[in-house]
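Single-structure report; data block below.
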Amino acid sequence: MIFSHSRIECFNECPRKFRYRYIDKVVIEDFDTVERYMGRKVHEALEYLYKKAMYGDAPDIDDIVRHYNSIWSEGIGDNVMVVNDGATHDDYRILGERCIADYFEKHAPFDSVKTIATELLVRTDLKNDGNYRLVGYIDRVDRVGDGVYEIHDYKTSSKVLSQNKADDDRQLTIYEMGLRTLYNDVHDVEYVWHYLAHGKEIRSKRDVKDIEAHKREIIDSIHRIEEAIVEGWYPAVKTPKCMWCEYQSICSKSNDEETKQTRVGDYIY
């Protein structure tokens, strides 16, 4: 199996969700949440911006907003679920529009650094033996000097990562490892999280010891997942996130049909 940050975090969050998504490959058609939908459309709009800026043709804010609203309308519908009481699809569309406008105002005219890629696929093999392969997609990569790179990650969530959490984040460490695999001139990398709903940036860096520590943690996580696959161990974990889970209906049905259940903490066996 090829792993990613999202696969590992899915297992840590709920092994049963991991089973549905990656082992059984259950497809829940026409299910989405408006938070995820809005996040994707904002990402796509910023990708549109930087792809044009890479060729010296950065769009103005009206162009970007038009593009955002166009791609928003393509897929929005009753299948996109609004969990928050009283909120509407249009509330989230407007929030995404504001995220884009605020970001544009802060960073225009987009000619101070050299963006070399958007939605960049990176791969790495933690032990170079084919057993610990990881993939990821970087929202944006800038080259800010000879061998000096920035990894940019856009967030539309309401919660902002603390500096301590950012300094311990494994997702962008995986991205850095992949970037170093892809380019042989990388000697310095800085991570930049853009919390678009708050207009905030969080920055962090890793040294060799940090990266090696994260490698060990990721390998341990992969071992736990592999053991679960062998043993068929996929307990459900009930959290408030279940409200946003596409598998909630089949997971609840599965729990109802199990006549002998033992509940230990948050796990249902």
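Computed from a predicted model, the values in this text were never measured in an experiment.
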Distance-only donor-acceptor check, side chains Thr118 and Arg140, under 3.5 Å: no

CA sep, side-chain torsions, deciding dist, call: Met38, Thr156, side chain to side chain contact (heavy atoms under 4.5 Å, CB included): CA-CA 8 Å; Met38 188 265 286; Thr156 55; 4.1 Å; yes

Closest non-hydrogen atom pair, Arg21 against Cys10: NH1-SG, 4.4 Å

Asp142 side chain vs Val144 backbone, donor-acceptor pair below 3.5 Å: no

Lys155 and Asp153, any side-chain heavy atoms less than 4.5 Å apart: yes

Under the ring-ring contact (aromatic ring centres under 6.0 Å, His included) test, residues paired with His152 that sit two or more places apart: His194

Sequence neighbours excluded - salt bridge (Lys or Arg N to Asp or Glu O under 4.0 Å) pairs with any residue from residues 48-77: Glu47-Lys51, Lys52-Asp57

Arg133 (side chain) donor-acceptor with Gly130 (main chain) under 3.5 angstrom: yes

With Arg203 via salt bridge (charged side-chain N to carboxylate O under 4.0 Å, His left out) - residues at least two apart: Glu150, Glu190, Glu201

Val192 with Leu46, same ILVMFWY side-chain cluster at under 4.5 Å: no

Student check: side-chain heavy atoms of Arg36 and Glu246 closer than 4.5 Å: yes

Side-chain heavy-atom pair Asp168, Asn164 within 4.5 angstrom cut-off: no

pair Glu9-Arg170: side-chain heavy atoms closer than 4.5 Å: yes

Salt bridge (charged side-chain N to carboxylate O under 4.0 Å, His left out) involving Asp125 - partner list, sequence neighbours excluded: none

Side chains of Ile218 and Thr173 in contact at under 4.5 Å (non-hydrogen atoms): no

Same cluster (ILVMFWY, side-chain, under 4.5 Å), Met177 and Met1: yes

Apart from Tyr149 itself, residues in the same hydrophobic cluster as defined by side-chain heavy atoms under 4.5 Å: Ile116, Leu120, Val122, Ile138, Val141, Ile151, Val160, Leu161, Leu172, Tyr175, Leu179, Leu182, Tyr183, Val186, Val189, Tyr191, Trp193, Tyr195, Ile202

Listed partners of His43 passing ring-ring contact (aromatic ring centres under 6.0 Å, His included), at least two apart: Tyr154

Partner of Lys205 under salt bridge (Lys or Arg N to Asp or Glu O under 4.0 Å), chosen from Asp188, Asp167, Asp169: Asp188

Check residues 79-90 and write down every donor-acceptor pair under 3.5 Å in which the side-chain atom is one partner and the other belongs to a residue at least two apart or another chain.
residue : atom : partner : partner atom : Å
Asn84   : ND2  : Tyr92   : OH           : 2.7
Thr88   : OG1  : Asp90   : N            : 3.4
Thr88   : OG1  : Asp91   : N            : 3.1
Thr88   : OG1  : Asp91   : OD2          : 3.2
His89   : NE2  : Val80   : O            : 2.7
Asp90   : OD1  : Arg93   : NE           : 2.6
Asp90   : OD1  : Arg93   : NH2          : 3.1
Asp90   : OD2  : Arg93   : NH2          : 3.4

Side-chain donor-acceptor pair present, Arg224, Ser221, cut-off under 3.5 Å: yes

Student check: side-chain heavy atoms of Leu134 and Ser4 closer than 4.5 Å: no

ring-ring contact (aromatic ring centres under 6.0 Å, His included) against Phe110, all qualifying residues, sequence neighbours excluded: Tyr50, Phe104

Inter-residue atom distance Phe31.CZ - Ser249.OG, 0.5 Å rounding: 8.0 Å

Contacts of type ring-ring contact (aromatic ring centres under 6.0 Å, His included), residue Phe3, not counting sequence neighbours: none

Sub-4.5 Å side-chain heavy-atom contact between Tyr137 and Val135: no

Donor-acceptor under 3.5 Å (Thr239 side chain, Lys241 main chain): yes

Atom pair CD1 (Ile100) and CD1 (Ile64), whose distance is rounded to the nearest 0.5 Å: 7.5 Å

Test side chain to side chain contact (heavy atoms under 4.5 Å, CB included) applied to Ile219 - qualifying residues, sequence neighbours left out: Leu126, Lys127, Tyr132, His223

Co-members of Tyr55 in a cluster of I, L, V, M, F, W and Y side chains, linked at under 4.5 Å: Met54

Contact list for residues 112-131, test ring-ring contact (aromatic ring centres under 6.0 Å, His included), sequence neighbours left out: none

Close side-chain approach of Ser204 and Gln163, heavy atoms under 4.5 Å: yes

Parallel, tilted or perpendicular: rings of Trp72 and Tyr37 (30°, 60°): perpendicular

Donor-acceptor contact below 3.5 Å, side chain Gln248 vs main chain Cys245: yes

Donor-acceptor under 3.5 Å (Asp210 side chain, Asp207 main chain): yes

Glu212/Lys215 ion pair, N-O < 4.0 Å: yes

Taking every non-hydrogen atom, the tightest pair across Tyr68 and Gly96: OH-CA, 3.3 Å

Atom pair CD1 (Ile23) and CZ (Phe11), whose distance is rounded to the nearest 0.5 Å: 9.5 Å

Asp185, CG atom: more than 12 neighbouring heavy atoms under 6.0 Å: yes

